Chemist: 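Quick one: structure below, then a few questions.
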Amino acid sequence: MKHLSLLAFLAIFSVFTAGRSAATEKSKQQQPNILWLFAEDTSPWMGCYGDPINEGQTPHIDGLAAKGVRFSRAYVPAPVCSACRSAMMGGMNQIRFNAHEHRSSRGPAKLHLPPNVKLLPQLMKDGGYFTFNLGKDDYNFVWDNAATYSLQSKRRSPIDWDQVKANQPFFGQIQTAGGKNNTTKFPADRKVDPKTVTVPPDYPQNDLYRETVAQHYDAIRQDDDFIGQVLEGLQAAGLAENTIVVYFGDHGANNLVRHKQMPTEGGLHVPFVVAGPSPWIPATSVRDDLVNLLDLSATTLTWAKLPVPNWYEGQDLFAQKLVPREYVAAAKDRLDHTIDRVRTIRTDRYRYTRNYKTDRIFLQPQYRDNRPFLQNLHQLYQSGELSPKLTEIYFGERPPEEFYDVQEDPSQINNLINDPKYAAEIERHRQLLAQWLSKGDAGEGEESEQELAYQANGKKWGEGVNPEYEVVRTDSDGDGLSDDWERINQRDPKDGRLQFHFDCGGWQTEGWNATQPEVGNIAGRLGYLDFVLAGGTATLKRDGLAADPQNNQGQLVVTLKAPPETKVTLISDGKRVSRTTQAQRTGQHAGFQPLLFPINWRDQVTSLELQFTGREDALVEVDSIEVANSIEE
């Protein structure tokens, strides 16, 4: 009897477990597969975005949009790959958890995730999803690969669809080349004729830039071909009916210098299209609300019926009670070796930007310096052929604040920050940015000296010229500029001679500062200092010197432009020497004149001070300050 009872129990248990297993399997099948097609360096120049050049030329991206939802105003949290990807994996802006510096943790200084924070794929994996990533990952912190991805490959193809099919539901990321596609072998009959393109107005209107713009169109077309192969593989594997496909970019075009790496409309506005089965994706539509790509991270968890962590800054894009965003925010910090700190918000009509490091120009030295499109900008500037507006944008004084009506001025050409008509809006945007930053900004301080030392020199993307690197470098000749900085800027790091040319876009002031706050920013356009005599006076000082007097005899030459009768006084070694400007010269160096101050230093020079007095609100522009034995030198 007991034996029969046991058999009956085992039979019942077998039926129960089989039923539970079948229910579990059915439940898993009801969960959607989710596939991200994550494009590098891509601006929304597709047919579905109304671009006439690529109309009919991006059929696979357009096809996703035709049967899904296209977001017309989607913005990334950072204009560079690693910071953007780090933010999306963490579900919060990169400045919240120290993931804001480009490709940090690759050297000896390591950054770790906050306690209890898990990356999006890890949350998905813990929730029963098979997770995979094909192509780059590029995260700015130490992370656990095995805990995050079930399958990972640095190659984006071939795709093992059989393995993917056998492991449903899946959350996969396929990283596409996007704007980085090498188009040299792209079929000639499919390439864009540069003569047919429109160059955005914030770039030179010449053949080189027409070719640059045309190449980005070609790269998108080539990427569309790859996306078509992915979608074909998905269909052939029988996975299309239960898979949500998401296509989007990580930032703007790679060869347009006000797109990639810049927190502008061009750098932050990306394509974003979602297509998939009901009920997860609603009927075909175009969404014009402001979207932060962090919303995609939250939406992905919602699709998977997983809880959204309390640290997430995104929201479910398809929630029944969606709260429209008043603004989207983004941040820029160190990119490769180029140190910066910029914060920006975009509202319905305007973009407000705060620049924290105004001692460097917009187009400071970067990893693309040797590329033709960037060299062309420098050549045009040096020859005086660059338009005044583009000179201001690329090589002019870095304003602490920018404000644009991006509805009327999407290329952000006309900075309205000083226009009284927008005073109320500007103040509102200041408050919105302050509100966003109040939640935490890890970029308020500088990186560790260990990280700075790692990033400073010997990298394939360039060598650092920003003043932040000076704290980890040696100045052996006491001229206030480190040996490495002088070497990089083609100066002699051993001559000990005091010379300041203000021609390094990554450190305009070369350590000179105004002693009165009301003088403001003294970093002028590339190659110059400039400032206004606030109340008729201004004082510039250079500390941190340990110059040998034997290497600095003769004359200190200050080459400047200022109204006649402006008096300049040199204070050094406890002595004062004054000179007065004369009528401006004409010719090649119109307006600039050298003021010669005889020097006979006997002791080590530890600081220099220049006092300027003259007409109230007079503009002074300084080309160079250096010791010379004669004016010809």
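Quick caveat, the model's predicted, so the values are computed rather than measured.
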Chemist: Any salt bridge between R85 and D138, counting N to O under 4.0 Å?
Modeler: no
Chemist: Excluding sequence neighbours, so at least two apart, what forms ring pair (Phe, Tyr, Trp, His ring centres under 6.0 Å) with W507?
Modeler: W485
Chemist: Quick one: which of I61, I174, D223 gives a side-chain contact (heavy atoms from CB on, under 4.5 Å) with L37?
Modeler: I174
Chemist: For Y352, is there any backbone N or O sitting under 3.5 Å from a side-chain donor or acceptor partner on T344?
Modeler: yes
Chemist: For the rings on F38 and F248, is their centre-to-centre separation under 6.0 Å?
Modeler: yes
Chemist: May I ask you to decide if the ring planes of F171 and W36 are parallel, tilted or perpendicular, using 30° and 60° as cut-offs?
Modeler: perpendicular
Chemist: Quick check for you: to the nearest 0.5 Å, what is the distance between L296 atom CG and M88 atom CE?
Modeler: 4.5 Å
Chemist: Test your reading of the model: is there a side-chain donor-acceptor pair from H251 to the backbone of C84, 3.5 Å cut-off?
Modeler: no
Chemist: Side chains of D483 and S476: any donor to acceptor distance under 3.5 Å?
Modeler: yes
Chemist: Is the backbone N or O of I488 less than 3.5 Å from a side-chain atom of Q490, with the two atoms forming a donor-acceptor pair by type?
Modeler: yes
Chemist: Does D503 pair with R491 as a salt bridge, N-O distance under 4.0 Å?
Modeler: yes
Chemist: Give me the atom names and distance for the closest heavy-atom approach of G91 to S297.
Modeler: CA-CB, 4.4 Å
Chemist: Step by step, would you call N182 with T184 a side chain to side chain donor-acceptor pair (under 3.5 Å)?
Modeler: CA-CA 6 Å; N182 184 341; T184 54; 2.8 Å; yes
Chemist: With rounding to the nearest 0.5 angstrom, report the CG to CZ distance, N292 to R346.
Modeler: 13.0 Å
Chemist: According to the ring pair (Phe, Tyr, Trp, His ring centres under 6.0 Å) rule, which pairs have a member within residues 363-387, sequence neighbours left out?
Modeler: H378-F395, Y381-F395
Chemist: Are R497 and N552 close enough, and set up right, to give a side-chain contact (heavy atoms from CB on, under 4.5 Å), and what steps lead you there?
Modeler: CA-CA 6 Å; R497 184 163 69 95; N552 293 279; 4.1 Å; yes
Chemist: Starting from the C-alpha separation in whole Å, work towards a yes-or-no answer on salt bridge (Lys or Arg N to Asp or Glu O under 4.0 Å) for R343 and D333.
Modeler: CA-CA 9 Å; R343 305 291 180 259; D333 293 273; 3.0 Å; yes
Chemist: Is it true that the side chains of E265 and Y75 contain a donor and an acceptor less than 3.5 Å apart?
Modeler: yes
Chemist: May I ask you to test the F362-V257 pair for a side-chain heavy-atom distance under 4.5 Å?
Modeler: no
Chemist: Could you pull out the closest heavy-atom pair between A456 and Y469, with the gap in Å?
Modeler: CB-CD2, 3.5 Å
Chemist: Counting distance only, does the side-chain N/O of N489 pair as donor-acceptor with the main-chain N or O of E486 below 3.5 Å?
Modeler: no
Chemist: Determine, for Y356 and R354, whether the Lys NZ or Arg CZ falls below 6.0 Å from the six-membered ring centre while staying within 45 degrees of the axis.
Modeler: yes
Chemist: Quick check against the 3.5 Å criterion: does W461 have a side-chain atom that pairs as donor or acceptor with the backbone of T338?
Modeler: no
Chemist: Report yes or no: do Q152 and N145 form a side-chain donor-acceptor pair below 3.5 Å?
Modeler: yes
Chemist: Any side-chain heavy atom of V627 within less than 4.5 Å of one from N551?
Modeler: no
Chemist: Do Q173 and Y149 get their side chains close enough for a donor-acceptor pair, meaning under 3.5 Å?
Modeler: yes
Chemist: Testing N255, T212, L208 for side-chain contact (heavy atoms from CB on, under 4.5 Å) with P372, which one passes?
Modeler: L208
Chemist: Give a yes or no on whether the backbone of L452 and the side-chain of E447 come within a donor-acceptor separation of less than 3.5 Å.
Modeler: no
Chemist: Indicate whether the side chain of N181 and that of T183 have a donor and an acceptor atom separated by less than 3.5 Å.
Modeler: no
Chemist: Could you tell me if the side chain of E397 sits less than 4.5 Å from the side chain of D530, heavy atoms only?
Modeler: yes
Chemist: Report yes or no: do R473 and N457 form a side-chain donor-acceptor pair below 3.5 Å?
Modeler: yes
Chemist: Does the N513 side chain pair with the main chain of G511, one donor and one acceptor, at a distance under 3.5 Å?
Modeler: yes
Chemist: I'd like to know whether D202 forms a salt bridge (Lys or Arg N to Asp or Glu O under 4.0 Å) with K389, so could you lay out the CA-CA distance, the side-chain angles of the two residues, the decisive distance to 0.1 Å, and finally the verdict.
Modeler: CA-CA 8 Å; D202 51 334; K389 179 57 68 174; over 6 Å; no
Chemist: Which pair of non-hydrogen atoms, one from D623 and one from Y528, has the smallest distance, and what is that distance?
Modeler: OD1-CE2, 3.2 Å
Chemist: Quick one: list whatever passes ring pair (Phe, Tyr, Trp, His ring centres under 6.0 Å) with Y327, sequence neighbours left out.
Modeler: none
Chemist: How close do G90 and F97 get, heavy atom to heavy atom, and via which atoms?
Modeler: CA-CZ, 4.1 Å
Chemist: Is it true that R398 and Q364 share a donor-acceptor pair across their side chains at a distance under 3.5 Å?
Modeler: no
Chemist: So which of H100, R341, R96 actually passes side chain to side chain donor-acceptor pair (under 3.5 Å) with D441?
Modeler: R341
Chemist: Checking side-chain polar atoms at under 3.5 Å, does N93 have a donor or acceptor matched by the opposite partner on E313?
Modeler: no
Chemist: Under the criterion side-chain contact (heavy atoms from CB on, under 4.5 Å), I'd like the reasoning laid out for T42 against Y247: C-alpha separation, chi angles, the key distance, then a yes or no.
Modeler: CA-CA 11 Å; T42 303; Y247 168 76; 3.7 Å; yes
Chemist: Between R221 and D224, is the closest basic N to carboxylate O distance under 4.0 Å?
Modeler: no
Chemist: Could you tell me if the side chain of E101 sits less than 4.5 Å from the side chain of L111, heavy atoms only?
Modeler: no
Chemist: For V213 and P200, work out which heavy atoms get closest and say how close.
Modeler: CG2-CD, 4.0 Å
Chemist: Just by distance, do the side chain of R258 and the backbone of Q412 share a donor-acceptor pair under 3.5 Å?
Modeler: yes
Chemist: Does a side-chain heavy-atom distance below 4.5 Å link V557 with S624?
Modeler: no
Chemist: Between F71 and F272, what is the ring plane arrangement, given parallel below 30°, perpendicular above 60°, and tilted in between?
Modeler: parallel
Chemist: Using a 3.5 Å distance criterion without hydrogens, assess whether the side chain of R542 forms a donor-acceptor pair with backbone atoms of G480.
Modeler: yes
Chemist: For the atom pair CZ (F132) and OG1 (T148), what is the distance rounded to the nearest 0.5 Å?
Modeler: 15.0 Å
Chemist: Does a side-chain heavy-atom distance below 4.5 Å link L335 with D340?
Modeler: no
Chemist: side-chain contact (heavy atoms from CB on, under 4.5 Å) for L377 and Y203? Distances and angles first, verdict last.
Modeler: CA-CA 9 Å; L377 281 169; Y203 297 94; 5.6 Å; no
Chemist: Main chain of S150, side chain of T131: is a donor-acceptor contact present, judged purely on distance under 3.5 Å?
Modeler: yes
Chemist: Evaluate the criterion side-chain contact (heavy atoms from CB on, under 4.5 Å) for residue pair K136 and E40; output intermediate values, then yes/no.
Modeler: CA-CA 10 Å; K136 73 189 299 183; E40 291 198 74; 2.8 Å; yes
Chemist: Is there a side-chain contact between T58 and Y217 in this structure, where contact means two heavy atoms from C-beta onward sitting under 4.5 Å apart?
Modeler: no
Chemist: Does the side chain of S104 come within less than 4.5 Å of R334's, by heavy atoms?
Modeler: yes
Chemist: Measure the CD-NZ distance between Q366 and K260 for me, rounded to the nearest 0.5 Å.
Modeler: 9.5 Å
Chemist: Distance only, no hydrogens: is a donor on one side chain within 3.5 Å (strictly under) of an acceptor on the other, for E451 and Q455?
Modeler: yes
